[in-house]
Amino acid sequence: MKVRTRVAPSPTGDPHVGTAYIALFNYCFAKKHGGDFILRIEDTDQERSTAESEQQILNSLRWTGLTWDEGPDVGGPHGPYRQSERASLYSEHAQVLLDKGEAFRCFCTADRLNDLRKEQMSSGAGKLGYDGHCLSLSPEEINRHLEAETPHVVRLKIPQEGVCQVTDMLRGEIDIAWSEVDMQVLLKSDGLPTYHLANVVDDHHMQISHVIRGEEWINSAPKHIRLYEAFGWSPPQLCHLPLLRNPDKSKLSKRKNPTSIHYYQKIGILPEALLNYLGRMAWSMPDEEEKFSVEQMIKHFDLDRISLGGPIFDTEKLTWLNGRWIREDHDIEQLSERLMEWALNPETLRSILPMLQPRLDRLSDIGRFTGYFLSGHLEITADQLAHKKLTPEQVNQAIVWTMWRLDELKSWSSEAISDALRECAVELELKPRDFFAPLYPAITGMKSATPLFDTIGVLGRDLVRARLRDASKLLGGVSKKGEVRWKKAYELGRKQRLEALNTEEN
RNA sequence: GUCCCCAUCGUCUAGCCUGGCCUAGGACGUCAGACUUUCACUCUGGUAACACGGGUUCAAAUCCCGUUGGGGACGCCA
């Protein structure tokens with residue numbers, strides 16, 4: 001059987017380095033065995049998925065240099081490769097399970113489920129999950145609900161007892177008692193599938209032979225195995241990779257560490273260096289060589305060389321490795337080409353020049369304005385952030401509010417940024433000009449610079465977040481205690497904002 | 001809380017499966033020095049780890065058990 005692997009990102013935010021990491025291992029495994037590597041977009045979450053995010057993921061993954069044999073942009077024999085375009089396939093399969101008696105309809109309301117969860121939490125019973133309420137509904141009751149068009153979901157039936165044996169390519173047999181497995185929702189009330197159903201149906205139809213994914217999926221593997229069994233399909237081999245971590249060992253997250261591929265591109269990391277570094281996460285060359293290309297990685301790739309401790313994503317070593325790629329693999333001609341490819345090109349210039357033109361008296365003035373567009377982190381001092389009307393605490397608060405509020409933003413347009421930040425100023429009861437003042441040095445390193453919202457827009461989410469975090473740290477950062485208090489105040493503002501939004505809509 | 005996974009320098013890791021060659025190797029960082037008009041690069045040297053306790057064995061970083069620690073999962077998110 002041909003080896004076929006896939007990476008299946010969900011377009012709900014910035015393209016994540018974790019996606020590139022998983023993609024890299026899937027790619028290497030497939031290519032090592034002469035197989036195919038597939039890209040599939042898992043956009044069944046209507047609430048959070050955006051076309052913008054999908055495009056960025058595609059762009060970022062392309063930028064790394066990884067190529068896929070099948071995908072939404074390149075097509076292939078098993079398409080479509082976007083789950084939102086396969087909706088009927090999933091509902092048909094849900095029906096099959098219903099007919100086979102492997103799944104059941106559940107008419108429980110969100111309220112009942114919430115209460116149930118609360119009760120389970122507080123009773124400290126340990127076991128959480130659906131209580132099987134709708135399992136015993138009579139055919140008449142079900143029909144009555146269906147006729148009344150009561151919103152409902154389809155859930156997977158789970159064996160009452162016994163254990164599920166999950167075979168992991170790295171860990172061997174893992175036993176998980178069926179009693180620990182929840183009766184997972186397969187089809188949501190909007191008719192779209194959850195990850196579990198869509199994933200299994202697609203992996204089967206796309207003939208995926210090996211599922212290489214993050215460790216966070218181990219606990220739901222029994223659900224997937226159950227689904228394969230229920231359909232009468234043979235499951236793929238499972239392989240769970242250790243998770244990339246923050247320096248504090250928690251799962252890599254943007255709140256603690258820049259996670260977007262775009263950020264690393266922006267600060268001038270070479271794609272081959274990023275992939276090289278990602279390849280060093282949990283994996284090593286047989287001769288322990290640190291610097292290697294994807295081709296070399298494929299040549300020596302072996303799942304046995306994966307170490308299971310979760311690696312911390314260390315930007316310092318990435319930077320060192322990147323330096324080696326710059327120095328050892330480029331002559332001056334090639335380097336100048338890389339630089340032009342990166343940012344010294346008309347396209348980049350065109351994106352910032354509209355803001356610059358009114359400020360240029362001499363062409364050479366470009367120098368002091370482009371610095372902060374081309375830099376990664378800024379070297380600023382605490383007194384650059386000082387403001388005559390605000391206390392350092394207030395300045396810090398303005399910066400932190402900006403950071404939090406920007407994180408909530410769905411669209412990264414300067415209008416959206418402008419609206420969001422103006423709201424922050426109102427919430428903090430500061431005049432806009434006072435509120436914005438410290439943001440200039442924090443984000444640009446200068447007291448006055450190009451228009452704030454456009455600048456933030458061009459710099460991008462992760463870089464802006466990183467600079468704001470740097471600035472906040474300069475002012476003492478957010479202490480554990482302060483975080484709680486500020487978060488409360490921030491949430492209050494957020495709540496009022498949402499309420500205002502709702503009354504507007506009504 | 002319940003379940004699952006994991007455990008070698010501060011960090012990435014080699015060694016572990018197939019016990020002895022391990023007084024545990026390499027790399028990042030850091031410190032010291034050399035080179036260089038400065039800086040950087042480069043080079044040399046130093047620093048620093050088998051989580052703990054029990055077993056098995058002539059012999060354990062390597063195998064087994066327990067403890068501790070870390071992480072993950074417990075959504076009509078993926």
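Chain naming here is simple, since letters A, B, ... match the order of the sequence lines and numbering starts at 1 in each. Because the structure is predicted, anything quoted here is derived from the model rather than measured.
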Grab the CD1-C1' distance between A/I176 and B/rG72 for me, whole Å please. 11 Å
What integer distance in Å separates A/E289:CD from B/rG25:P? 19 Å
A/D314 and A/K317 ion-paired at < 4.0 Å: no
Contacts of A/W233 that satisfy ring-ring contact (aromatic ring centres under 6.0 Å, His included) - sequence neighbours left out: A/H93, A/H204, A/H205, A/F231
Choosing from B/rA78, B/rC3, B/rG29, which nucleotide comes nearest the side chain of A/E316? B/rG29
Give A/T319 one of three labels, base, sugar-phosphate or nothing, depending on what nucleic acid heavy atoms sit under 4.0 Å from its own. nothing
Going 5' to 3' through nucleotides 5-17 of chain B, assign each nucleotide B (protein heavy atom under 4.0 Å from a base atom), S (under 4.0 Å only from sugar-phosphate atoms) or - (no protein heavy atom that close). SS----SBBSS--
Test of understanding: with ring-ring contact (aromatic ring centres under 6.0 Å, His included), list the residues that count as partners of A/F313, not counting sequence neighbours. A/Y264, A/Y277
Check whether A/F37 forms a cation-pi arrangement with A/R4 (NZ or CZ under 6.0 Å from the six-membered ring centre, at most 45° off the ring normal). no
Gap between atoms CG and C1', on A/D248 and B/rG72 respectively (whole Å): 14 Å
Listed by chain and number, what are the side-chain hydrogen bond (donor to acceptor under 3.5 Å, both in side chains) partners of A/K291, not counting sequence neighbours? A/E328, A/D329
May I ask you to verify if any side-chain N or O of A/S10 is less than 4.0 angstrom from the OP1 or OP2 atom of B/rC77? no
Among residues 194-209 of chain A, which contact RNA chain B at a heavy-atom distance under 4.0 Å? A/T194, A/Y195
A/W68 six-ring face occupied by A/R62 cation (under 6.0 Å, within 45°): yes
Sugar-phosphate, base or nothing in reach of A/C108, heavy atoms under 4.0 Å: base
Does NZ in A/K299 sit with more than 12 non-hydrogen atoms of other residues, nucleotides or ligands closer than 6.0 Å? no
Is any side-chain N of the basic residue among A/R6 and A/E70 closer than 4.0 Å to the acidic one's carboxylate O? no
Below 4.0 angstrom from OP1 or OP2 of B/rC77, is there any side-chain N or O of A/K188? yes
Would you call A/D14-A/R465 a salt bridge at under 4.0 Å N-O? no
Nearest-Å distance, CZ (A/F107) to C1' (B/rC76)? 14 Å
Say you pick atom C1' in B/rG19 and the same atom in B/rC63; how far apart are they, in whole Å? 8 Å
Flag if over 12 foreign heavy atoms under 6.0 Å of CD, A/E379: no
Nearest-Å distance for atom pair CG/P, residues A/D168 and B/rA73: 16 Å
In whole angstroms, the gap separating P of B/rC4 from NZ of A/K223 amounts to 15 Å
Contact list (N/O, under 3.5 angstrom) for nucleotides 38-44 of chain B vs protein:
none

When rounded to whole Å, the CG to P distance for the pair A/L243 and B/rC4 reads 18 Å
So what does A/T44 hit on the nucleic acid, given a heavy-atom distance under 4.0 Å: a base, only sugar-phosphate, or nothing? sugar-phosphate
Whole-Å distance separating the CG atom of A/D190 from the C1' atom of B/rG75: 14 Å
Answer yes when A/D203 and A/R40 have at least one side-chain N-carboxylate O distance shorter than 4.0 Å, and no when they do not. yes
Is a salt bridge present between A/E408 and A/R405, judged by a nitrogen-to-oxygen distance below 4.0 Å? yes
Candidate nucleotides B/rC4, B/rC77, B/rC76, ranked by approach to the side chain of A/R48 - the nearest: B/rC77
With heavy atoms under 4.0 Å as the rule, sort A/V185 into base, sugar-phosphate or nothing. sugar-phosphate
